[in-house]
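Everything below concerns the one structure shown next.
Atoms considered below: every heavy atom in the structure, side chains included; atoms not considered: hydrogens, waters and symmetry mates. Atoms within a ligand are numbered from 1 in the order they appear, just like the ligands themselves. Quantities reported herein were computed from a predicted structural model and do not represent experimental measurements. We number each residue from 1, following the sequence as shown.
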Amino acid sequence: MKRAYKNGLHFIGEWHTHPQADPTPSPRDLLSMNDLFVKSCHELNFFVMIIVGNRMPELSLWISLHDASSVHLLKKLLWVPEIT
Ligand SMILES: [Zn+2]
């Protein structure tokens with residue numbers, strides 16, 4: 001991971017899916033983001049986590065910022081496509 005950082009590949013966060021229509025982070029997600037923030041090479045104030053729900057055909061997202069000990073919800077988004 002340090003070699004990637006030195007080569008300009010900076011980890012800024014992660015995304016994954018949840019089998020939920022309205023996704024929220026699991027306790028494991030929260031601990032993992034705090035742990036990644038502490039153990040990664042970076043100069044950031046926060047990492048980003050995006051969770052994609054399984055609501056169809058809408059797109060439901062959880063978007064949050066994480067540091068060593070806290071989580072800040074940025075947005076819960078539900079995008080409904082226009083059907084023409
Ligand atoms: Zn998760």
Separation between CG (Leu61) and CD1 (Ile51), nearest 0.5 Å, reads 10.0 Å
Counting only protein N, O or S atoms and ignoring waters, those under 2.8 Å from the Zn ion (ligand 1) are His16 NE2, His18 NE2, Asp29 OD1, Asp29 OD2
- Query: Shared ILVMFWY cluster between Leu65 and Ile12, side chains joined below 4.5 angstrom?
  - Reply: no
Note: Phe11 and Ser40 closest approach over all heavy atoms is CD2-OG, 4.5 Å
Item to complete: Establish, yes or no, whether a centroid distance under 6.0 Å links the rings of Phe46 and His66.
Response: no
Between Ser60 and Arg55 the two heavy atoms that sit nearest each other are OG-CB, 3.9 Å
His18 and Asp29: side-chain contact (heavy atoms from CB on, under 4.5 Å), yes or no, with the steps? CA-CA 11 Å; His18 270 197; Asp29 290 333; 3.1 Å; yes
